[in-house]
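Just so it is clear, the values below take in all heavy atoms, side chains as well, and ignore hydrogens, waters and symmetry mates. In what follows, every chain begins at residue 1, and chains take the letters A, B, ... in the order their sequences are listed. In this text the structure is predicted, and so the values were computed from the model without any measurement.
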2 protein chains.
Amino acid sequence: MMSTPDGRPMSIGTLADRARCKVQTIRYYEQIGLLPPAPRSAGNQRRYGDAVLHRLTFIRHARDFGFSVEAIRELLDMADHPTMPCDEVDALARRHLQEVESRLARLSALRDELARMVALCHGGSVDECRIIEALSDHRLCRQEASHGGASLK
Amino acid sequence: MMSTPDGRPMSIGTLADRARCKVQTIRYYEQIGLLPPAPRSAGNQRRYGDAVLHRLTFIRHARDFGFSVEAIRELLDMADHPTMPCDEVDALARRHLQEVESRLARLSALRDELARMVALCHGGSVDECRIIEALSDHRLCRQEASHGGASLK
DNA sequence: ATAATTCCTATAGCCACTGCAGCTTCAAGT
DNA sequence: ACTTGAAGCTGCAGTGGCTATAGGAATTAT
């Protein structure tokens, strides 16, 4: 129906289905240079071969792992030079792991504070609500630094 | 220097220092209606009393807890009606806690996958790099669902 | 009086997409 | 051959929660 089991090139929709991403995302990746400009059909529609499917799969997978587009750009550069040592790939991945672990720690501290706050509520009216109170007064937190404004994306 | 220990109103910079946030953020909050339009000096500069400091502290604190601006809008509405029952406050906080726990779970699964991936690298060149390989081939992941594209903000 | 600082508005940028409007092209069915 | 509907095209706006900058006016310090 929409696949090309033989060598014929794919439409953008087929590529999107195969890579499990949206059509617009593919065009966006082309626009920012993660994917090369696609060759066009006579009617100006993009046509793709398997190489782009692999590249796109790589990109989506790396995004699922939380790598930024800039990091992926570097990873793709490295993957395009297979004879170079993989130290930089390793370093990039380790840096990302550290970032994830740091976010995890912040989010975990946040969860604890939030759970503690929620546990304080025993019904009643808003003016005796411990949650509102806790949000109003930073001193009611266990530690200042536990969730202090750092980006916890 | 810049504080007003007596009853005189504060400038936006003083308010920003006291609430530990940026001047632009205050103007932004006014713009989106989290803070009321500030009264102005003769020269059109914003002047603030302590009430706004408290409101802003509440907002910043709730943001530190990861509440969205929309959620904070609701919390402020509730805080402005102290005689109402606090059920809704409680429900909002519990919902947010659940959201945080779900993010935490996703991020934790991601961390595990990433750590596993990083551990596979034993040096060498890029074409034998297990990290690149893992990113290229989703089948090398333990479980499909562990980090599959869900927003893990 | 002057200099340094802070304030004002308006606008653009961040990230990684997503959605829409208004049009053209393609593939399948009759 | 013709119609129809799906899928494609470009370009632009919007998301969230700020942050940064430009160019000018007001305030404060010396």
Checklist entry - So, do Phe58(A) and His54(A) have ring centers that fall under 6.0 Å from each other? => result no

OP1 or OP2 of [N] versus the side-chain N and O atoms of [X]: is any pair under 4.0 Å?
| X | N | answer |
| --- | --- | --- |
| Thr25(B) | dG17(D) | no |
| Arg46(A) | dC9(D) | yes |
| Lys22(A) | dG19(C) | yes |
| Tyr29(B) | dC18(D) | yes |
| Ser41(A) | dC26(C) | yes |
| Arg63(A) | dC15(C) | no |
| Arg40(B) | dT9(C) | yes |

Checklist entry - Pick the nucleotide of DNA chain C nearest each of Gln31(B) and Ile12(B); which residue has the one closer to the 5' end? => result Ile12(B)

Side chain of [X] only, please: which of [options] is the nearest?
| X | options | value |
| --- | --- | --- |
| Ser68(B) | dG17(D), dG8(D), dG19(C) | dG17(D) |
| Ser11(A) | dT10(D), dG8(D), dG17(D) | dG8(D) |
| Arg27(A) | dT10(D), dT21(D), dC26(C) | dT10(D) |
| Asn44(B) | dG19(C), dC7(C), dT9(C) | dT9(C) |
| Gln24(B) | dA20(D), dC17(C), dC18(D) | dA20(D) |
| Gln45(B) | dT27(D), dT18(C), dT9(C) | dT27(D) |

Next on the checklist: Under a 3.5 Å threshold, yes or no: a donor from one side chain and an acceptor from the other, between Arg60(B) and Tyr29(B)?
Outcome noted: yes

Item to check | Polar side chain donor-acceptor pair, Arg106(A) to Ser102(A), under 3.5 angstrom | outcome: yes

Checklist outcome for this item: When rounded to whole Å, the CZ to P distance for the pair Arg47(B) and dA26(D) reads 12 Å

Checklist entry - Tell me: CD1 of Ile59(A) to P of dA16(C), nearest whole Å? => result 12 Å

Next on the checklist: For Glu88(B), is the CD atom crowded, meaning more than 12 foreign heavy atoms sit under 6.0 Å from it?
Outcome noted: no

Item to check | Value rounded to 0.5 Å, distance of CG in Asp17(A) from CD1 in Ile12(A) | outcome: 11.0 Å

